[in-house]
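Keep in mind that the numbers below use all heavy atoms, side chains included, and drop hydrogens, waters and symmetry copies. Remember, it's 1-based here, ligands and their atoms both numbered in the order they're listed.
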Amino acid sequence: MVAEHLYLSNSVSEHQIANYRNEFNRAKSRRQHPSSRKTARDKFLENEDFIRNPLMNSRLTNHLTRLSTIHDQCLDRLTKVRARHHNQSADIPGLASEFTACMADFMASRAMTQDFEQHRKVNPVVENDDDPDFSIGQLLLYLICSSHGMSAGFRVVDKLAENEKTQITIHRNPNRVGALLNLWRGFLHLVAGRHVKALSSFRAAKHLCNINLVAQLYCDELSGKAGQFNHDQLLGRFCSYPFSKLYTNQSGETHHCCLAFSPLRAGSIDDQIFDWNSKSSIEFRKSILSGAFTYCDKTSCSFIVGGSLPTREDAAIEDTRIAQIIEQNLVKIEPHGLELVFEHDASCNLACPSCRSELIAHPKIATEQLDQRFPYLLELLSKSKRLSVSGYGDPFFSRHYRKLLKLVCKENSPDLTIDLITNAALLTPQTWASYEHLHSMFGSISVSVDAANRDTYSKVRKLGDFDKLMKNLEFISTLRQRGIFSTFLIQCVVQADNFREMEDFVELGQRLAVDGVIFQRLFPYGVYTDPAKFEKADVFGTSHPEHQDFIGILRSDRLKKQGVSFSTFQDFYDKINPIDYYFDSLTTDENGISAFGWAFIKSGHQVGKVSIVLKKDGHNKRFQFETNPISRPDVADALAQPGLAECGFSLHPSGRRLPFGRYQVGIRVDSPNSSVTDFTNQFIEIARQPKEAIKYSIDLLEGGNDVVVHGWAYLAGGQVPEKIFVVLKSLSNNKRTFFDAEQVSRPDVAEALGRNLVKSGFSFSLNGRHLPAGEYEIGVRLVSGKRRAIRYSGRTVYFAGQPAMVA
Ligand code: SF4
């Protein structure tokens, strides 16, 4: 059904369409049990609307002529393969090899390439959207499926994935081939109605080749359909990137956003003139102003994922230029105050697995080619207020960037601030001194470190020298403390090799007095484009054997420090730690637990009634204690959130009767809109209370010539004793002497404790001359039938012969 539709938008004859329809249906019938036929057909019908979407249509319509020309030729070749294996199961290797041969013919078509190049210059949006390699493969797969059944299509794609030699015929860039295979697989899943599998294939394609807009747009639409993303949440939000940012990439293309977040091409640094208002730039801006965010990857963009995009109103208040853009719906704007991120030279002295699979160092000739772009780049810089160099590659290793930094100065770029992104291996005092003309222009230095110890560093930062790095970091820290630049950041891409050091990494940042520690999620780049290697390194994967340990570390209080950011996985972190809190004090004693601090629900900064929840270690039993609210204007000020002024709490000693043992401490916040409980990494110990066989009180203890003791006592369980003795224990020899006490009525005790303890009182007096001189501890001994119990009070009397003294 889908493939039929594709041809309805082509110039293929009606007769051919009818043939395809019949063949396709026959192929389906052959391979399906009669009882399952209806379901499969229903699935196709369900998908028809989706496949009919403008994206699919426009791509094929744009290739109308080309597809028609090669159509017969391809069909002919594929039919021959089928004829060779008449009445047999499909010849998958044969089909796969014809598939690649057809692809190669198509790509070799000179006319097509010129046409394509021309096309991409004038209409970059369509170029990105309209991936000809994908389209021709899609056509070929249609032909295969229509004659051999759906499973043949899948098996051909699998066959292509097995054979690296064949893949080079499709495209010389292995990532591009991987992306195409996933796009085709996604297309087949889509046709078969398997949206979840289609989404995961399109995501894989996007990760392998993040400039692929086709993959991105499919991901976007499918994740919306699967309920993984609610597009309404972006209505009324704003992002300034397409209005102010420009990224360069290795192919010389420019973009308004990081390629991992948005693959839409804005222009090229090879263009003769700098065009800030290209057709695609305008489309991008329109999509932001309409709230559609069409070209943004909603599952990767850290602002969308972290829910931190400002509202249109807030964005307008922050910046008068943006206010004008929003108010007047401006999409054509003057290039002024641009923020540039240069990523067009990948040269780097390190080969980190999370970034690349081999060392990239451009030879002189390649550098000279890059240098030809200086006029264009310097023009850009003269219009810019910020340059980040480099998002890919190292600014102090790349010959091109080093030369560029020598050319930039206050005179040609008066408003420019330069942010350095570096591995810092070459940022020595000597290097720093050689850029003296830029010292007043440097804004921030951000260092990708990825490790807190030498062994880990050698794994995750291939070719790096940890000791040299530490020296350079200390040097940078000194410059920062002298106020030579304004922000010092260290970064860590979290992966299986280093996640156990996240807490140490935060401490490294504290030692270096950095302004921020940035953790980032591992993406399948570098050596991790290999899915098996990525799975092994990606501790975010729920099936990863160390995933639970990773979650435990994310819960650590040692990560909850000011300046620590979880950038690309903030949403993941917030799900694990939904409440932001801090205990100024958390103590336990014989009266239970006391606490003082602040807490709020992160989502929407909601404050509410705070309770401390204790979960007994190894049990599910929970004990909850409501706290008293207190004002915390200091927290509201520090976090710049006036609504948090009432997020404080205090808990007076509570839980005196808690069973002894270890408890995990949790916090619960009940706000008007939601109730969230979050268990922290903190544990408290409730000590075992000694079993008290006797409850007693000594209300009066007098010394003098006579010792006088008044009080009350009863046996555990509330039993009034038959006899009460006062015990005097000599502290010099532990000798005990027992004296009968007179039992008296204590209705006050019975009333206060709510028990029948009227007869629990006692009264005792003794002339001190009857005992040898020395200090004696006072105790009580109770006797009731066979039960006997004794308890010492810790209070003493002293006899010096006479009179007795109370100590
Ligand atoms: S992907 Fe994110 S950062 Fe990029 S333009 Fe869209 S919203 Fe802005």
Side-chain angles (χ1 to χ4, degrees), residues 124-125 128-129 202-203 206-207 209-221 223-224 228-249 253-267 276-316 318-319 321-322 325-326 329-331 333 335 337-343 386 388 391-392 419 421 446 518 520-521 523 525 565-572 574:
V125 176
N128 271 313
D129 179 346
F202 287 127
R203 280 213 174 115
K206 169 131 191 354
H207 279 154
C209 186
N210 56 18
I211 55 167
N212 198 296
L213 189 61
V214 173
Q216 151 126 10
L217 295 176
Y218 272 125
C219 287
D220 199 26
E221 189 147 355
S223 59
Q228 292 174 5
F229 183 79
N230 179 5
H231 286 79
D232 290 350
Q233 75 187 62
L234 290 176
L235 289 174
R237 299 279 160 177
F238 185 79
C239 178
S240 62
Y241 275 40
F243 301 87
S244 52
K245 287 251 182 195
L246 201 70
Y247 290 69
T248 60
N249 74 13
E253 291 176 336
T254 57
H255 298 259
H256 288 296
C257 188
C258 159
L259 274 179
F261 296 174
S262 174
L264 188 67
R265 178 178 180 269
W276 180 239
N277 291 313
S278 70
K279 186 167 176 179
S280 57
S281 299
I282 288 174
E283 287 300 317
F284 203 168
R285 290 172 197 147
K286 274 186 193 163
S287 86
I288 298 286
L289 287 167
S290 71
F293 289 72
T294 313
Y295 303 102
C296 305
D297 185 342
K298 280 94 178 168
T299 54
S300 300
C301 167
S302 52
F303 299 110
I304 296 178
V305 165
S308 58
L309 279 180
T311 60
R312 287 160 65 98
E313 292 74 23
D314 287 349
E318 290 268 305
D319 185 335
R321 177 176 157 268
I322 295 293
I325 287 170
I326 294 176
N329 239 11
L330 295 179
V331 287
I333 48 179
L338 307 183
E339 296 172 37
L340 308 176
V341 182
F342 283 174
E343 302 184 340
R386 208 117 210 163
S388 296
Y392 193 58
D419 298 317
I421 306 171
S446 178
I518 317 287
Q520 290 170 323
R521 187 175 183 159
F523 284 107
Y525 305 142
S565 158
F566 299 92
S567 58
T568 41
F569 63 96
Q570 188 66 50
D571 62 328
F572 186 85
D574 287 348

> Has Cys257 got an N/O/S atom less than 2.8 Å from atom 2 (Fe) of ligand 1?
Replying inline: no

Relative to the heavy atoms of [X], which atoms of ligand 1 are at a distance of less than 4.0 Å?
{"X": "Phe303", "result": "3 (S)"}
{"X": "Phe261", "result": "1 (S)"}
{"X": "Cys239", "result": "3 (S), 5 (S), 7 (S), 8 (Fe)"}

>> Does only the side chain of Phe284 get under 4.0 Å from ligand 1, or the backbone, or both, or neither? Count heavy atoms.
In response: side chain

> So does Gln233 have more than 12 non-hydrogen atoms from other groups sitting under 6.0 Å from CD?
Replying inline: yes

>> Which residue and atom name correspond to the protein heavy atom nearest atom 2 (Fe) of ligand 1, and how close is it?
In response: Cys301 SG, 2.3 Å

>> How far is atom 6 (Fe) of ligand 1 from the closest protein heavy atom, and which atom is that?
In response: Cys296 SG, 2.3 Å

Heavy-atom distance under 4.5 Å between the side chains of [X] and [Y], does that happen here?
{"X": "Thr311", "Y": "Arg237", "value": "yes"}
{"X": "Ile333", "Y": "Arg285", "value": "yes"}
{"X": "Leu289", "Y": "Phe238", "value": "yes"}

> Is the closest side-chain donor-acceptor distance between His256 and Ser281 under 3.5 Å?
Replying inline: yes

>> Taking the ring centre of each residue, are Phe303 and Tyr241 less than 6.0 Å apart?
In response: yes

